[in-house]
Structure formats: C-alpha cells, structure tokens
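First comes the structure, then the notes that go with it.
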2 protein chains.
Amino acid sequence: MCDNLHIHGLKMPESMDEETRSQLCPVVYAVSKLGGKWKLIVVHNLIDGPLRFGELRRAIPDITQRMLTLTLRELEEDGIVNRHVFEVVPPHVEYSLTEVGQGLESVMSSLGDWGRANFAQKRNAVAQTA
Amino acid sequence: MCDNLHIHGLKMPESMDEETRSQLCPVVYAVSKLGGKWKLIVVHNLIDGPLRFGELRRAIPDITQRMLTLTLRELEEDGIVNRHVFEVVPPHVEYSLTEVGQGLESVMSSLGDWGRANFAQKRNAVAQTA
DNA sequence: CTGAATCCCTTTTGATACTG
DNA sequence: CAGTATCAAAAGGGATTCAG
C-alpha cells in the first residue's frame with residue numbers, strides 16, 4: 001500500500017517531520033486531510049449533491065455553526081469542497097464536492113458497507129433471525 | 001447511503017442523542033469508531049499482518065507510547081484489533097486485525113487510491129512529464 | 001441566511017518518569 | 001518489551017453575541 005517506502009520496516013527516515021513523511025504514504029496523507037471530527041461527515045452529506053449551509057447544519061444536528069464553518073473552510077482549502085456564493089439577499093451559499101472530493105465516493109461507500117455489515121445490525125438483527 | 005433515514009432532509013428526529021443517531025447511519029457509525037487521530041493509521045499498519053507493540057511504534061514514528069496504547073485499547077474494545085500476549089520474558093505482545101478489522105481493507109485501499117491520485121503526485125510529477 | 005469574533009471549558013495529546 | 005501514572009500543554013469544541 002505504500003509503494004515507495006517500507007513503513008512496516010525500519011527504512012523510514014526518522015529525521016523528517018510529520019508533514020514531509022505523510023506525503024510519502026498515500027494513506028497517511030489522506031488521513032491527514034480527512035482527520036477532523038467532522039470532515040468525513042460533511043463529505044458524506046455532500047456526496048449526493050450540493051447543499052446550502054443551513055441544510056448541512058440541519059443534516060448534522062450535533063455540529064455547531066462554528067465547527068461547520070471551520071470544517072468547510074478547511075475542506076475548501078484542501079480542494080475537496082467548492083463554495084458558491086449567490087449574490088442575493090438574504091445570502092445563499094451552496095457547498096459541493098470538487099472533483100477531488102467526489103473521488104472520495106468509493107471511500108465513503110466502503111465505509112458505509114463496513115458500518116452496515118458490522119455495527120448497524122442491531123436494528124434488524126431480530127428481523128433477520130425471525 | 002443512509003438506507004433508513006433521510007439525513008439530507010428534515011426527517012431525522014433531533015431529540016435523540018448522538019450515539020443513538022449514529023447507529024442509524026452506517027457511515028456516521030463507522031466514522032465514530034475510526035475517528036481518533038491515530039486509529040486509521042494503526043489499522044493501516046496492521047493490514048499486512050500482525051505486528052508487535054514496538055514494531056507498531058517504529059512504524060508510526062510520531063505516535064507516543066501512550067497514544068499507541070490508548071488507541072490499541074479502543075480498537076480492541078470495538079472488536080477491530082486482537083491483542084495476543086505471549087507469556088514469556090521479556091514480554092511479547094502481538095496485535096492483529098480481527099475479521100471486523102480486516103473488513104476495513106477496502107476502506108484503506110480506496111483511501112490510499114485517493115491519496116495517491118490527488119496528493120502524492122508531487123514526488124514524481126516531474127518524472128511523468130519528462 | 002451565512003458567518004465572523006469572543007470567551008471559556010473540556011478533551012486530547014505530549015513529556016517524563018516509573019514498573020513487571 | 002510493553003506497558004502505567006502523572007502532570008502540563010494544546011487542541012477541539014460550545015455558547016453567545018454581533019454583522020453584512
């Protein structure tokens with residue numbers, strides 16, 4: 001999975017800093033971009049299409065306005081999310097995935113498969129055995 | 001992706017707490033299990049097979065002993081990682097993925113694909129155009 | 001409606017020292 | 001080797017207020 005260094009071995013130079021090293025392993029780099037508490041959840045909610053700020057907020061009831069703003073800004077900086085401002089009053093701002101962000105679709109779907117297979121069975125465990 | 005509720009709509013009952021709600025969406029649930037700063041990195045390093053505590057520590061140079069211990073304990077609690085203690089001196093403890101943990105392989109590989117495609121090009125961008 | 005700014009608290013993480 | 005304990009620092013996050 002790491003095609004250019006042996007992260008499992010002893011070959012990685014320990015002198016380089018974290019950011020430099022993360023660029024050597026695609027997985028480590030990906031995790032560094034998606035690591036926040038809310039990033040994957042926001043991406044997940046944008047997979048099906050653009051949403052407005054308020055729509056995102058309602059879709060993720062536990063996120064605060066502040067955290068949603070911060071998360072969206074970081075995703076935007078990393079080229080994962082697009083921010084489209086409609087110049088009207090009242091303001092209308094739409095968020096969507098960039099091409100890079102849409103590339104996460106298979107990540108999200110395998111994550112969903114895993115969650116469904118391993119944890120979400122409680123809902124219908126009875127139904128299946130009945 | 002959420003087959004049992006409309007997370008994009010207004011249908012989600014806002015009264016339930018976060019844990020209850022997370023179980024309604026496989027993606028949200030998965031993220032809640034893998035959300036920590038180090039969890040995916042540790043899983044990533046165990047994909048190819050069991051590793052000892054010290055091997056993991058060397059494979060993840062930026063993690064502290066303490067965080068590695070905490071991360072492994074949580075992964076163990078969640079049934080993602082197995083802990084196998086060899087009763088010898090000096091101590092020998094091996095960590096491996098459970099079946100549930102191995103189910104994350106496609107997640108890790110699509111994460112790696114995404115990282116490789118979008119961020120890790122800096123290394124050989126020149127080589128490709130040359 | 002969207003979001004910036006402030007204040008303040010909680011959780012997470014790191015450094016260090018110690019142990020079977 | 002594989003941890004645990006303790007303390008301190010930092011990051012994360014919430015509540016509220018204000019603004020275009």
Side-chain angles (χ1 to χ4, degrees), chain A residues 8-10 14 17-19 21-22 28 31-43 45-46 50-78 81-96, chain B residues 8-10 14-15 17-19 21-22 28 31-42 45-46 50-78 81-96:
Chain A
H8 302 310
L10 304 175
E14 308 202 10
D17 61 27
E18 183 166 8
E19 181 160 349
R21 193 172 331 97
S22 74
V28 173
V31 169
S32 79
K33 291 298 175 189
L34 304 168
K37 181 174 180 180
W38 300 107
K39 292 211 181 144
L40 282 172
I41 302 295
V42 168
V43 169
N45 278 275
L46 291 177
L51 286 180
R52 297 181 57 171
F53 185 85
E55 292 173 324
L56 269 173
R57 202 147 94 90
R58 283 188 292 274
I60 313 173
D62 291 306
I63 203 171
T64 60
Q65 196 173 47
R66 173 185 146 85
M67 283 298 104
L68 180 54
T69 300
L70 291 177
T71 302
L72 286 168
R73 291 293 171 277
E74 286 177 34
L75 289 172
E76 198 188 348
E77 273 180 36
D78 288 333
V81 156
N82 271 322
R83 181 167 182 265
H84 184 351
V85 181
F86 295 82
E87 297 290 353
V88 297
V89 293
H92 180 135
V93 181
E94 226 174 61
Y95 292 93
S96 59
Chain B
H8 302 312
L10 304 176
E14 307 201 10
S15 53
D17 61 26
E18 182 166 8
E19 182 160 350
R21 194 173 330 97
S22 75
V28 173
V31 169
S32 79
K33 292 296 175 189
L34 304 168
K37 181 174 180 179
W38 299 108
K39 291 211 180 143
L40 282 172
I41 303 296
V42 168
N45 277 276
L46 291 176
L51 286 180
R52 298 181 56 169
F53 186 86
E55 293 173 323
L56 269 174
R57 203 147 93 90
R58 283 188 292 276
I60 314 173
D62 291 306
I63 203 171
T64 59
Q65 198 172 40
R66 173 184 146 83
M67 290 320 302
L68 181 54
T69 300
L70 291 177
T71 303
L72 287 167
R73 292 290 173 279
E74 287 177 32
L75 289 172
E76 199 188 349
E77 272 180 35
D78 289 333
V81 156
N82 272 321
R83 180 167 182 263
H84 184 348
V85 181
F86 295 83
E87 296 291 352
V88 297
V89 294
H92 180 136
V93 181
E94 226 174 63
Y95 292 92
S96 58

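In what follows, chains carry the letters A, B, and so on, assigned in the order in which the sequence lines appear, proteins first and then strands, with residues in each chain numbered from 1.
- At whole-Å resolution of the value, CD in B:E76 and P in D:dG3 are 9 Å apart.
- For the atom pair CG (B:L34) and CD1 (B:I41), the distance works out to 11.5 Å, reported to the nearest 0.5 Å.
- Computed from coordinates, the A:E55 CD to C:dC1 P distance equals 11 Å when rounded to whole Å.
- Checking the phosphate oxygens (OP1, OP2) of C:dG3, no side-chain nitrogen or oxygen of A:R57 falls inside 4.0 Å.
- For the side chain to side chain contact (heavy atoms under 4.5 Å, CB included) with A:W38, the lone residue among A:L70, A:D62, A:V43, A:L68 that qualifies is A:D62.
- Following rounding to the nearest Å, B:L70 (CG) and D:dT6 (P) show an atom-to-atom distance of 14 Å.
- For C:dT13, the OP1/OP2 oxygens have no side-chain nitrogen or oxygen of B:T64 closer than 4.0 Å.
- Residue A:R58 places none of its side-chain N or O atoms closer than 4.0 Å to OP1 or OP2 of C:dT2.
- In this entry the distance linking CZ of B:F86 with P of D:dA2 reads 11 Å, nearest Å.
- When each of A:Q65 and A:P91 is assigned the nucleotide of DNA chain D with its nearest heavy atom, A:Q65 is the one assigned upstream, toward the 5' end.
- OP1 and OP2 of C:dC1 both lie 4.0 Å or more from every side-chain N or O belonging to A:Y95.
- We find the CG-CG distance between B:L56 and B:L72 to be 6.0 Å, quoted to the nearest 0.5 Å.
- In this structure, B:L68 places its CG atom 11 Å from P of C:dG14, rounding to the nearest Å.
- Atom CZ in B:R73 sits about 12 Å away from atom P in D:dA2, given to the nearest Å.
- For the pair A:L72 CG and C:dA4 C1', the interatomic distance rounds to 14 Å; values are reported in whole Å.
- Results of the side chain to side chain contact (heavy atoms under 4.5 Å, CB included) test with B:Y95 over B:E55, B:R52, B:R83 single out B:R83 as the only residue that passes.
- Atom CD1 in A:I60 sits roughly 12 Å away from atom P in D:dG14 (whole-Å rounding).
- An OP1 or OP2 oxygen of C:dG14 is reached within less than 4.0 angstrom by a side-chain nitrogen or oxygen of B:K37.
- When each of D:dG14, C:dG3, D:dA2 is scored by its nearest atom to the side-chain atoms of A:M67, the top-ranked nucleotide is D:dG14.
- The base of C:dT13 sits with one of its N or O atoms less than 3.5 Å from a complementary donor or acceptor on the side chain of B:R66.
- Nearest approach of B:N45 to B:A59, heavy atoms of both residues: OD1-CB, 3.5 Å.
- For B:F53, counting side-chain heavy atoms from C-beta on, the closest listed nucleotide (D:dA2, C:dT2, C:dG14) is D:dA2.
- Residue B:P90 places its side chain closer to D:dC1 than to any other of C:dG14, D:dA2, D:dC1.
- For A:T69 and C:dG3, the shortest distance from a side-chain N or O to OP1 or OP2 is not below 4.0 Å.
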